[in-house]
Student: 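Sharing a structure with you now.
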Amino acid sequence: MAAVESVSAEVRDRAGKGAARESRRNGRVPAVIYGDKKEPTLISLDPKEIDRLIHKKTFYATLLDVDLKGTKHRVLPRDVQFDPVTDRTLHVDFQRIGKDTKVHVNVPVVVRNEAASPGIKRGGVLNIVRHEIEFICSPDSIPQSIEVDLTGLEIGGSIHIHAVKLPENAELAVRERDFTVVSIGAPTGLKAEQQEAAEKAAAAAAAPVAAAPAAGAPAAGGAAPAAGAAGGAKAGAAPAAKAPEKKK
């Protein structure tokens, strides 16, 4: 069963930017309830009461009962507008939830057992690729969070959606691919060492290899034989012995 919070509201008489500004001047937050084939209902909220809910991580996956003069409207938060300078809540949109309504809802990812991850113990960097995962479900089946267990995950490892335990009665909005939810990257120092080693290996592979000397060639640095050495050896040979003269 999905969590349900309650918030009180007052009816706004008029629509438009002027009426919304007037609500803010009176210390209220303008809002609207729409959907379920009914006319939109213009309301205003107490800023402290709604801000307490908005700043929860699970706000967009939480059902609300908006109490309007004793009548409760079951709604789901759809959009919040903030002042870009002060971060003050300017406007809130709620979708009215009917009996047979199917909703698209973004469910936050919660990481568990970081201490049981060898990669994180070695200084690995946790990268949460998907902070939220979109589901399609009935309002009563909205999950509050999706838990991802890091037990045993090493540096360079990742967890894909097929390895995550999904809630019952809720289906993924994106089913055609097995996307990554979290991964563990190498620490900065290790990345630098790996890059340096890769650069050295690449430089060594690109260096020219010295050619082997041909057979019979003089060794490198050896003096070449003096010119005419062969002829000198022939010139210095002992003269042949004379044949004995014949007696007359």
Side-chain angles (χ1 to χ4, degrees), residues 1-5 7 50-64 75-95 97 102-198:
M1 180 72 177
V4 181
E5 297 276 0
V7 62
I50 191 62
D51 284 347
R52 175 182 62 85
L53 299 173
I54 286 174
H55 292 97
K56 290 184 177 181
K57 189 176 181 180
T58 58
F59 176 65
Y60 288 102
T62 301
L63 291 174
L64 299 178
V75 301
L76 188 67
R78 278 314 190 193
D79 187 49
V80 180
Q81 297 175 24
F82 297 98
D83 186 289
V85 177
T86 65
D87 206 31
R88 173 188 175 191
T89 304
L90 297 179
H91 194 277
V92 185
D93 289 359
F94 298 109
Q95 179 185 355
I97 301 301
K102 286 283 187 179
V103 294
H104 286 246
V105 59
N106 291 321
V107 180
V109 171
V110 176
V111 174
R112 303 292 188 195
N113 297 325
E114 293 185 51
S117 166
I120 291 181
K121 287 182 179 179
R122 293 170 52 207
V125 179
L126 175 62
N127 178 28
I128 301 179
V129 181
R130 294 288 187 107
H131 289 272
E132 295 179 330
I133 299 174
E134 185 178 5
F135 286 88
I136 304 171
C137 58
S138 65
D140 291 338
S141 301
I142 297 175
Q144 287 298 288
S145 63
I146 299 300
E147 295 189 357
V148 178
D149 190 347
L150 299 184
T151 301
L153 195 61
E154 294 279 2
I155 290 176
S158 60
I159 297 177
H160 293 73
I161 190 62
H162 81 275
V164 178
K165 183 179 179 181
L166 301 180
E168 297 180 0
N169 303 320
E171 61 182 70
L172 289 168
V174 178
R175 292 178 293 176
E176 62 272 13
R177 57 191 179 89
D178 187 23
F179 54 82
T180 302
V181 181
V182 300
S183 63
I184 297 183
T188 305
L190 182 57
K191 285 182 179 178
E193 292 178 5
Q194 290 175 341
Q195 182 176 359
E196 183 180 357

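Position 1 is the first residue of the sequence, and the numbers go up from there.
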Student: Side chains of Thr89 and Phe82, heavy atoms from C-beta outward: is any pair under 4.5 Å?
Tutor: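 A side-chain contact under 4.5 Å exists here.
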Student: Rounded at 0.5 Å granularity, tell me how far CG in Leu172 sits from CD1 in Ile133.
Tutor: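 Interatomic distance, Leu172 CG to Ile133 CD1, rounded to 0.5 Å: 7.0 Å.
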Student: Where the side chain of Asp83 meets the backbone of Thr86, is there a donor-acceptor pair that is under 3.5 Å apart?
Tutor: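 Looks like yes, one N/O pair under 3.5 Å.
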Student: Locate the shortest heavy-atom distance separating Phe179 from Val174; write the atom from each residue and the value.
Tutor: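 In this case the closest contact between Phe179 and Val174 is CE2-O, 3.9 Å.
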Student: Hey, could you give me the CZ/CD1 distance between Arg130 and Ile146, rounded to the nearest 0.5 Å?
Tutor: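 Atom-to-atom, Arg130:CZ and Ile146:CD1 are 12.5 Å apart.
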Student: Output the distance between atom CG (Asp51) and atom CZ (Phe59), rounded to the nearest 0.5 Å.
Tutor: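 Asp51 CG to Phe59 CZ: 9.5 Å, rounded to 0.5 Å.
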Student: Does any non-hydrogen side-chain atom of Leu126 lie less than 4.5 Å from one of Leu150?
Tutor: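 Result yes, sub-4.5 Å side-chain heavy-atom pair found.
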Student: Is any side-chain heavy atom of Arg78 less than 4.5 Å from a side-chain heavy atom of Val103?
Tutor: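 SC-SC contact between Arg78 and Val103 confirmed.
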Student: Under a 3.5 Å cutoff, is there a donor and acceptor pairing between the side chains of Thr151 and Asp149?
Tutor: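 There is such a pair (donor and acceptor under 3.5 Å, judged by atom type) between the side chains of Thr151 and Asp149.
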Student: When rounded to the nearest 0.5 angstrom, what distance separates CG in Leu63 from CD in Gln95?
Tutor: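 Nearest 0.5 Å value for the CG-CD distance: 10.5 Å.
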Student: Under 4.5 Å between any side-chain heavy atoms of Val109 and His131, yes or no?
Tutor: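 No; the side chains remain at least 4.5 Å from each other.
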Student: Look up atom CG in Leu153 and atom OG in Ser183, then write down how far apart they are to the nearest 0.5 Å.
Tutor: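 The distance works out to 8.0 Å.
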Student: I'd like to check His104 versus Glu134 (side-chain heavy atoms, cut-off strictly below 4.5 Å). Are they in contact?
Tutor: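 Contact flag for His104/Glu134 side chains = yes.
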Student: Answer yes or no: is there a side-chain heavy-atom contact under 4.5 Å between Ile54 and Pro77?
Tutor: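 Contact flag for Ile54/Pro77 side chains = no.
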Student: Distance alone, cut at 3.5 Å: any donor-acceptor contact between the side chains of His162 and Asp178?
Tutor: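 His162 vs Asp178: donor-acceptor pair found between side chains.
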Student: If every non-hydrogen atom of Gly119 is compared with every non-hydrogen atom of Ile184, which pair is closest and at what distance?
Tutor: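 Closest pair (atom of Gly119, atom of Ile184, distance): C-CG2, 4.3 Å.
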Student: Can you tell if the side chain of Val148 reaches within under 4.5 Å of the side chain of Ile128, non-hydrogen atoms only?
Tutor: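 The answer is no; the side chains never approach within 4.5 Å.
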Student: Can you find a heavy atom in the side chain of Gln144 that is under 4.5 Å from one in the side chain of Thr62?
Tutor: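 Counting from C-beta outward, Gln144 and Thr62 do come under 4.5 Å.
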Student: Looking only at non-hydrogen atoms, find the nearest pair between Pro143 and Ala61 and report the distance.
Tutor: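 That would be O-CB, 3.9 Å.
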Student: Restricting to non-hydrogen atoms, name the atom on Val105 and the atom on Cys137 that form the minimum distance, rounded to 0.1 Å.
Tutor: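 Heavy atoms only, the tightest pair is CG1-SG, 4.1 Å.
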Student: To the nearest 0.5 Å, how far apart are CD1 in Ile142 and CG in Leu76?
Tutor: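 Ile142 atom CD1 to Leu76 atom CG measures 4.5 Å (nearest 0.5 Å).
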Student: Can you name the nearest heavy-atom pair linking Pro139 to Ile97, along with the distance?
Tutor: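 In this case the closest contact between Pro139 and Ile97 is CG-CG2, 3.0 Å.
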